[in-house]
Amino acid sequence: RGRLVDALLELAPWLDLGEHEPTVRRSDHALDAVLCALVARAVVLGVTDPPTTRLAMREGWIHVPTAPPEALLRDDD
């Protein structure tokens, strides 16, 4: 997890986990929550490939981001 958080912060230096960083490094659930929030933002901005098959939608597959992390900083909403 620590290496994943390091890589995430390197890719998105604007991401400030603040006082929650130790928790994100320690907890799978906290890291999952951060990643889900980033993917949700990408969905809102329309920079993902969504699941397209009925099976994928039923099983809850996720959208795959198609833009670099800095695209999440756009303020078009």
Side-chain angles (χ1 to χ4, degrees):
R1 258 183 325 274
R3 286 191 303 248
L4 287 173
V5 173
D6 290 343
L8 177 60
L9 294 175
E10 187 175 320
L11 285 170
W14 46 264
L15 182 62
D16 180 7
L17 300 174
E19 66 187 62
H20 304 290
E21 185 172 337
T23 303
V24 172
R25 290 181 177 280
R26 194 174 52 247
S27 165
D28 290 337
H29 300 294
L31 179 56
D32 285 349
V34 170
L35 295 174
C36 287
L38 292 172
V39 171
R41 175 71 175 156
V43 170
V44 166
L45 294 174
V47 292
T48 64
D49 279 336
T52 55
T53 68
R54 197 177 294 192
L55 177 63
M57 292 175 160
R58 187 178 75 228
E59 291 184 358
W61 293 1
I62 66 167
H63 288 239
V64 176
T66 57
E70 57 271 10
L72 302 180
L73 294 173
R74 284 191 356 221
D75 191 18
D76 322 355
D77 346 281

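- In this structure Asp49 satisfies the side chain to side chain donor-acceptor pair (under 3.5 Å) test with no other residue, sequence neighbours excluded.
- Leu4 and Val39 fall into different hydrophobic clusters, where Ile, Leu, Val, Met, Phe, Trp and Tyr are joined by side-chain heavy atoms under 4.5 Å apart, directly or via other members.
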Can I get a per-line list of side-chain donor-acceptor pairs under 3.5 Å for residues 61-71, giving both atom names and the distance, sequence neighbours left out?
| residue | atom | partner | partner atom | Å |
| --- | --- | --- | --- | --- |
| Trp61 | NE1 | Glu59 | OE1 | 2.9 |
| His63 | ND1 | Thr48 | OG1 | 2.8 |
| Thr66 | OG1 | Val47 | O | 3.1 |

Name the atoms and distances for all side-chain donor-acceptor pairs under 3.5 Å in residues 12-25, with sequence neighbours left out.
| residue | atom | partner | partner atom | Å |
| --- | --- | --- | --- | --- |
| Asp16 | OD1 | Gly18 | N | 2.8 |
| Glu21 | OE2 | Arg25 | NE | 3.0 |
| Glu21 | OE2 | Arg25 | NH2 | 3.0 |
| Thr23 | OG1 | Arg26 | NH2 | 3.4 |
| Arg25 | NH1 | Gly2 | O | 3.2 |
| Arg25 | NH1 | Asp6 | OD1 | 3.0 |
| Arg25 | NH2 | Asp6 | OD1 | 2.7 |

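- Pairs passing the side chain to side chain donor-acceptor pair (under 3.5 Å) check and including a residue from residues 27-36, sequence neighbours excluded, read Arg1-Asp28.
- No continuous path of ILVMFWY side-chain contacts below 4.5 Å connects Leu11 to Val5, so the two sit in separate hydrophobic clusters.
- In the hydrophobic cluster analysis, where Ile, Leu, Val, Met, Phe, Trp and Tyr join through side-chain heavy atoms closer than 4.5 angstrom, Leu8 is grouped apart from Val43.
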